[in-house]
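Below, each value reflects all heavy atoms present in this structure, side chains not excepted, and no hydrogens, waters or symmetry copies. As the structure is a computational prediction, the values presented were derived from the model and not from experiment.
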Amino acid sequence: MTTTLLRTAGELRARTRTGRRAVVMTMGALHEGHATLIRTARGIAGPDGEVVVTVFVNPLQFGRGEDLDRYPRTLDADLALAGQSGADVVFAPAVDEVYPGGEPQVRITAGPMGERLEGSSRPGHFDGMLTVVAKLLHLTRPDVALYGQKDAQQLALIRRMVRDLNFGVEIVGVPTVREEDGLALSSRNRYLSAAERRTALALSGALFAGQDRHAAQEALRARAREVPATRARAEALSAIGESRAAADAHAVATAVPGGPAAVRAAARQVLDEAARLEPPLALDYLALVDPSDFTEIGDDFTGDAVLAVAARVGATRLIDNVPLTFTSFGAAS
């Protein structure tokens, strides 16, 4: 389809709107993860709606010593991929179009959630991110905006901002897209050498190890729930040789350490091994958090959680995460 490139807010305002407008915000260097976001937006907007992709490398999100200057800028390729994926418009403003008076004096503050994990490692990052997201939401005026779940803390903060400040827009999270080897798609993957990429696979490997440990625990818990500790049931199981299996299921499902502690331990083992590789993985954080506020969960936690990791391989910093759901031992199956 034909995709229109717009450079100014005035051009975007002058465009005739039809149907729902869905917006995908990017910093360019588009890849299949972005394409998935755009295709999802196309499905939400429908044939009568409009999909707008923003391409803007936001200087407020980059701290001192980060990769603002070398961040890839590939607008021609971005325009082609956006069109192939179903975008009607690519809005690619210059810095002085978004910040006409220079760096804004009034900014969005991310609050306590923005000081944890990524916020602790990159002070001010989330304030800059929320400020540009707020501006782009005002400039594009979408009905719905889509963001990738790979940036889980960013997504949570955008949802919180929209709710707290009464933005009239629906926020949709789209699952992480991975390469065949498991590495989460990122514009920064292109910085990795072949050896660095092999080490970087430990991020997804650690998450999958934690996810597998969690799945095994939940399966054992479900098994234990099916075997009530009654004399009649025990005798019946014994008659068919299942009593040991039932006992083992109950013991493993309720063992300590278990639950969140066991998930963290399984992921940590993979990361510790990667720290001894060449080149080594330098861990920034491994966290198992409540997605509502990104605080660490306790061993008695039940509900949705996020297992998140950030690390450096060479000069490249990468992040990744997987969602998990913890049930209580006594919950109904």
Side-chain angles (χ1 to χ4, degrees), residues 110-121 126 149-157 159-160 173 175-176 182 184 202-230 233-234 243-275 281-311 318-333:
M113 195 193 327
E115 297 171 358
R116 300 174 186 132
L117 300 187
E118 283 299 290
S120 176
S121 298
F126 284 127
Q149 291 179 357
K150 184 179 79 73
D151 298 296
Q153 192 172 4
Q154 170 179 285
L155 175 59
L157 281 163
R159 282 178 165 150
R160 188 62 186 251
T176 301
L203 273 80
S204 57
L207 297 178
F208 296 157
Q211 190 176 51
D212 288 347
R213 183 69 181 91
H214 171 68
Q217 289 179 166
E218 290 296 316
L220 288 168
R221 287 178 182 273
R223 173 71 173 141
R225 286 196 294 268
E226 295 172 359
V227 187
T230 65
R233 178 62 170 159
S243 56
R244 178 58 184 273
D248 287 350
H250 188 280
V252 175
T254 58
V256 177
V263 170
R264 290 186 183 96
R268 174 71 68 170
Q269 181 177 351
V270 175
L271 296 169
D272 287 347
E273 292 171 358
L281 180 141
L283 182 65
D284 190 342
Y285 61 76
L286 171 70
L288 185 54
V289 299
D290 182 336
S292 68
D293 59 9
F294 272 69
T295 57
E296 288 281 350
I297 64 173
D299 287 339
D300 60 348
F301 179 87
T302 59
D304 293 335
V306 172
L307 180 61
V309 63
L318 301 170
I319 63 172
D320 201 353
N321 71 85
V322 292
L324 302 173
T325 300
F326 290 87
T327 63
S328 63
F329 179 72
S333 59

(request) Kindly give the heavy-atom pair with the smallest separation between Ala287 and Leu117, and that separation in Å. (result) CB-CD2, 3.7 Å

(request) Measure the shortest side-chain to side-chain distance between Val263 and Gln217 over non-hydrogen atoms and say whether it is less than 4.5 angstrom. (result) yes

(request) Rounded to the nearest 0.5 Å, what's the gap from CG on Leu288 to CD1 on Ile297? Could you check? (result) 3.5 Å

(request) May I ask you to decide if Thr325's main-chain N or O and His214's side chain share a donor-acceptor pair within less than 3.5 Å? (result) yes

(message) Quick one, Arg264 with Glu296, criterion side chain to side chain contact (heavy atoms under 4.5 Å, CB included). Give me CA distance, side-chain angles, the key distance, then yes/no.
(response) CA-CA 11 Å; Arg264 290 186 183 96; Glu296 288 281 350; 2.8 Å; yes

(request) Measure across Gly114 and Phe126 and return the closest heavy-atom pair with its distance rounded to 0.1 Å. (result) O-CD1, 3.5 Å

(request) Heavy atoms only: give me the nearest Ala266-Arg213 pair and the separation to one decimal. (result) CB-CB, 3.9 Å

(request) Looking only at non-hydrogen atoms, find the nearest pair between Phe326 and Ala305 and report the distance. (result) CE1-CB, 3.9 Å

(request) Please examine the side chains of Val309 and Leu271, heavy atoms only from C-beta on, and report whether any two atoms are closer than 4.5 Å. (result) yes

(request) State, with a plain yes or no, whether a side-chain heavy atom of Leu207 is found less than 4.5 Å away from one of Val270. (result) no

(message) Does any part of the side chain of Leu324, heavy atoms only, come nearer than 4.5 Å to the side chain of Glu218, both counted from C-beta?
(response) no

(message) side chain to side chain contact (heavy atoms under 4.5 Å, CB included), that's the test. Do Tyr285 and Glu118 meet it? Break it down for me.
(response) CA-CA 9 Å; Tyr285 61 76; Glu118 283 299 290; 2.6 Å; yes

(message) Using every non-hydrogen atom in the two residues, find where Leu307 and Ala267 come nearest and quote the distance to one decimal.
(response) CD2-CB, 4.4 Å

(request) Indicate yes or no: at least one non-hydrogen side-chain atom of Leu283 is less than 4.5 angstrom from one of Arg268. (result) yes

(message) Go through it in stages, so that I can follow the logic: the residues are Ser204 and Asp320, the test is side-chain hydrogen bond (donor to acceptor under 3.5 Å, both in side chains), and I'd like the CA-CA distance, side-chain angles, deciding distance and then a yes or no.
(response) CA-CA 7 Å; Ser204 57; Asp320 201 353; 5.0 Å; no

(message) When you compare the side chain of Gln153 with that of Asn321, does any pair of heavy atoms fall below 4.5 Å?
(response) no

(request) Check whether any side-chain heavy atom of Asp290 lies under 4.5 Å from a side-chain heavy atom of Phe301, and answer yes or no. (result) yes

(message) In the structure I gave you, are the side-chain heavy atoms of Asp151 and Ile319 within less than 4.5 Å of one another anywhere?
(response) yes

(request) Quick one: closest heavy-atom pair of Met113 and Ala156, and the distance? (result) SD-CB, 4.0 Å

